[in-house]
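In what follows, a single structure is set out as structure tokens and then discussed.
FYI, the numbering just counts along the sequence from 1. No hydrogens, no waters, no symmetry mates; every other heavy atom, side chains included, goes into these values. Start at 1 and go down the list; that is how both ligands and their atoms are numbered.
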Amino acid sequence: MQVYLNYIEGKWVEGHSPSGVVEGHSPSGVVEGHSPSGVVEGHSPSGVVAGSLHSFEANRNPACPKQVLGQATKSSAEDIKRAVGAASCVQRAWVKIPRPKRGEYLAKCAAYLEKNIEILATLLTEEEGKNLNESRGECLKAIRVLEFMASESRRPVGEMLPSEMPGTMIYTTRMPLGVVGIITPWNFPVCIPAWKIAPALLEGNAVVFKPASLTPATARFLVKAFEETGLPPGVLNLVYGSGSTVGNALIADSRVRAISFTGSNEIGAQVHALAAKRFCRTQLEMGGKNPVVVLEDADLDCAADAVVMGAFGSTGQRCTATSRVILVPQIREVFVQKLLERVRKIKVGNGLKDPTAMGPVVDENQYKAVLSAIQKAKKDGAKILCGGEPLADEQGGYFISPTVFDGVNPASDLAQKEIFGPVLAILNAKDFEQALELANNVEYGLSASLFTQDISSIQRFNAEIECGIVHINSATVGGEAQAPFGGVKQTGLGGREMGKMGPEFFCEIKTVYVDYNTRTARTGVLDEARKRNLY
Ligand code: NAP
């Protein structure tokens, strides 16, 4: 049995139980060190955490929930205090390491992940459920982000500005924030932490990372990859535990200067409110209700492929998943037929056994939530064209058939609320004008696609669609390491992630005036004022 321990000050240690009492230590009183092989292992010396399960959380395979993959230590506010303390102690020394050297740690981490990609991708499929190809894709994305951020370490960090004063130079430079907290969701448990941790470290911050409770194994693997680079102890710390206990303690700790959060709107609002009490900087990336608009001149095969990939890839558990497709009358009938042909061919099953099958949803709560959203949509009058059922499976996996609804009322929950599962709503528009209106008629604003060959429709869509990422003739999903990623309206707050903009959240800009004239310089403004007898 694997155990996943906290990583604080360069050591793998058990957490304190949330009650504040240190209970249920594994028989060995585990404090793990490096694995000699360099490959992520995480076995306690005794192999089992018998008798201490009350202070460990089981990590289950959603395709086969009886299979426990490992046990993650539970933690309390005490563990956060220790982790933040460790990060605070080392941060000033970390920022003194030259930026390109800091970048080298990121490059080494990317190389480690690349070497071990099959192990990591398998782990990801086992604990989150997405199929093996999707897992490989996610791991590759994390690698690309790390490589990109490593390369940023050799690029300019500020700008040189002209001065009104003679003999004076003005330039801007960057300053780290200090200790930053990173709170991440389960749906991309490798690449989202990577795209937050990499720019945070690049800018000279020390990090306390609180991963989603449902995906402890991949979080451990990522941190282990950083450990393998020789990162100084305390620069990156990992604390397992529930969001309400550990997450709240991280946000409330006055030594933490910023929180980068990705997750649901409900929790994002709580994170924001708690952080605002002490003016702590926050970055929030939250839900989506992403539309695809298909116009009369679209390549319908291409559009149908993209909608299927966007709606049912990763079992619809992507923030950028296509959840609404908006059709104009001219192509409606043919498009729906093409769509259903494809959806009915989707294989559903364990993504480890069949690397292309649509996997389960992540856990029982998600399973119940998606099925209940389907029931509600039926009650609200939407018509099921296919799917809508739990899929019986002898292993008890959380499988749901890919579901398509038609005749969806634009004001209904199905059209307005994020379901985060394999459910697609078809909406009808009389023309492009109305399609654009429907596309914008939600509180979210992450990604949107348009399928057409018409340049003026494309330009108009690009200008008027309210979202952070636009795709023309491609699916709503996906994003490259060098491109900014994030949403508007109630999806995102606090700046973009990835790309050149990614590091901006994790630093302050400092403006420096240098008078190399060695005498007090006068500005043109002061001379002007004197001429006018203003002083
Ligand atoms: P979630 O329930 O909001 O949890 C996200 C993280 O917050 C987890 O680590 C969670 O810990 C923690 N948390 C929970 N309660 C907390 C609290 N009171 N204080 C501090 N932290 C707390 O979201 P999820 O179910 O993991 O992820 C799905 C959501 O993420 C969807 O809405 C999806 O759209 C969104 N998402 C957005 C993006 C984007 O870039 N826009 C990308 C991916 C996902 P526990 O796991 O211990 O509860």
| request: Could you find the nearest protein heavy atom to atom 27 (O) of ligand 1 and give me its residue, atom name and distance? | output: P185 CB, 3.3 Å

| message | Any donor-acceptor pair under 3.5 Å linking the side-chain atoms of E127 with those of W186? | response | no

| query | What atoms of ligand 1 come closer than 4.0 angstrom to any heavy atom of N187? | reply | 43 (C), 44 (C)

| Does the protein place any heavy atom closer than 4.0 Å to atom 13 (N) of ligand 1? | yes

| Atoms of ligand 1 close to S213 [distance to a heavy atom under 4.0 angstrom, numbered from 1] | 45 (P), 46 (O), 47 (O)

| Which of the atoms of ligand 1 are close to F261, meaning less than 4.0 Å from one of its heavy atoms? | 3 (O), 5 (C), 6 (C), 7 (O)

| remark: Value for CE (M149) from OG (S153), rounded to nearest 0.5 Å, stands at 11.0 Å

| Would E138 and K141 pass as an ion pair if we require N to O under 4.0 Å? | no

| Do the side-chain N and O atoms of T356 and N131 include a donor-acceptor pair separated by under 3.5 angstrom? | no

| message | With a cutoff of 4.0 Å, is G487 in contact with ligand 1, counting heavy atoms of the residue only? | response | no

| note | Looking only at non-hydrogen atoms, the one of D363, I251, I267, I183 nearest atom 16 (C) of ligand 1 is I267

| request: May I ask you to say whether K81 pairs ionically with D253, meaning some side-chain N is under 4.0 Å from a carboxylate O? | output: no

| query | Does anything in residues 356-365 pair up under salt bridge (Lys or Arg N to Asp or Glu O under 4.0 Å), and if so which pairs, sequence neighbours excluded? | reply | E364-K368

| request: Distance to 0.1 Å, residue and atom name: give those for the protein heavy atom nearest to atom 31 (C) of ligand 1. | output: E418 OE1, 3.4 Å

| Contact atoms of ligand 1, heavy-atom distance to P211 under 4.0 Å | 9 (O)

| request: Go through ligand 1 atom by atom and flag the ones less than 4.0 Å from a non-hydrogen atom of S242. | output: 47 (O)

| request: Would you check whether I192 reaches within less than 4.0 Å of ligand 1, judged by its heavy atoms? | output: yes

| said: Checking a contact table here: which protein heavy atom is nearest atom 3 (O) of ligand 1, and how many Å away? | reply: S264 OG, 2.6 Å

| field | Six-ring centre of Y7, K224 cation under 6.0 angstrom, axis tolerance 45° | value | no

| request: Before signing off on this row, confirm whether E497 and ligand 1 have an N or O atom pair separated by under 3.5 Å. | output: no

| remark: shortest atom 40 (O) of ligand 1-to-protein heavy-atom contact is with F485 CE2, 3.2 Å

| note | Exactly one of I197, T184, I182 clears side-chain contact (heavy atoms from CB on, under 4.5 Å) with I192, and that residue is T184

| note | Nearest non-hydrogen protein atom to atom 24 (P) of ligand 1, with distance, is W186 NE1, 3.4 Å

| Out of C191, G181, G263, A269, whose heavy atom sits nearest atom 29 (C) of ligand 1? | G263

| field | Heavy-atom nearest neighbour of atom 5 (C) of ligand 1 within options L446, T262, T320 | value | T262

| query | Any non-hydrogen atom of F420 lying under 4.0 Å from ligand 1? | reply | yes

| task | I would like to know whether E508 and R281 meet salt bridge (charged side-chain N to carboxylate O under 4.0 Å, His left out); could you show each step before the answer? | result | CA-CA 11 Å; E508 297 281 8; R281 183 184 286 205; 3.1 Å; yes

| N409 CG to D380 CG distance, which is reported to the nearest 0.5 Å | 7.5 Å

| note | Atoms of ligand 1 under 4.0 Å from any heavy atom of C319, numbered from 1 in the order shown, are 34 (O), 36 (N), 37 (C), 38 (C), 39 (C), 40 (O), 41 (N), 42 (C), 43 (C), 44 (C)

| said: Evaluate T491 for polar contact with ligand 1, using N/O atom pairs at a separation under 3.5 Å. | reply: no

| query | Given R342 and V308, is the side-chain contact (heavy atoms from CB on, under 4.5 Å) satisfied, shown in steps? | reply | CA-CA 7 Å; R342 285 162 172 79; V308 169; 3.7 Å; yes

| query | Is there a heavy atom in G241 that sits closer than 4.0 Å to ligand 1? | reply | yes

| message | Starting from atom 48 (O) of ligand 1, what is the nearest protein heavy atom, named by residue and atom, and what distance separates them? | response | G243 N, 4.0 Å

| task | Decide whether the shortest distance between a heavy atom of G492 and an atom of ligand 1 is less than 4.0 Å. | result | no

| Worked check of side chain to side chain donor-acceptor pair (under 3.5 Å) between T322 and T476 | CA-CA 6 Å; T322 305; T476 53; 2.7 Å; yes

| In terms of residue, atom name and distance, what is the protein heavy atom nearest to atom 6 (C) of ligand 1? | T184 O, 3.5 Å

| task | In plain terms, say whether E203 and R174 are close enough for a salt bridge, that is, a side-chain N and a carboxylate O under 4.0 Å apart. | result | yes

| Side-chain contact, heavy-atom cut-off 4.5 Å: P65 with Y398? | yes

| task | Identify, for atom 11 (O) of ligand 1, the protein heavy atom at the shortest distance, and state residue, atom and that distance. | result | K210 NZ, 3.1 Å

| ligand 1 atoms in contact with Q270 (distance to a heavy atom under 4.0 Å) | 18 (N)

| message | On the six-membered ring of W195, is R144 placed so that its NZ or CZ lies under 6.0 angstrom from the centre and within 45° of the ring axis? | response | no

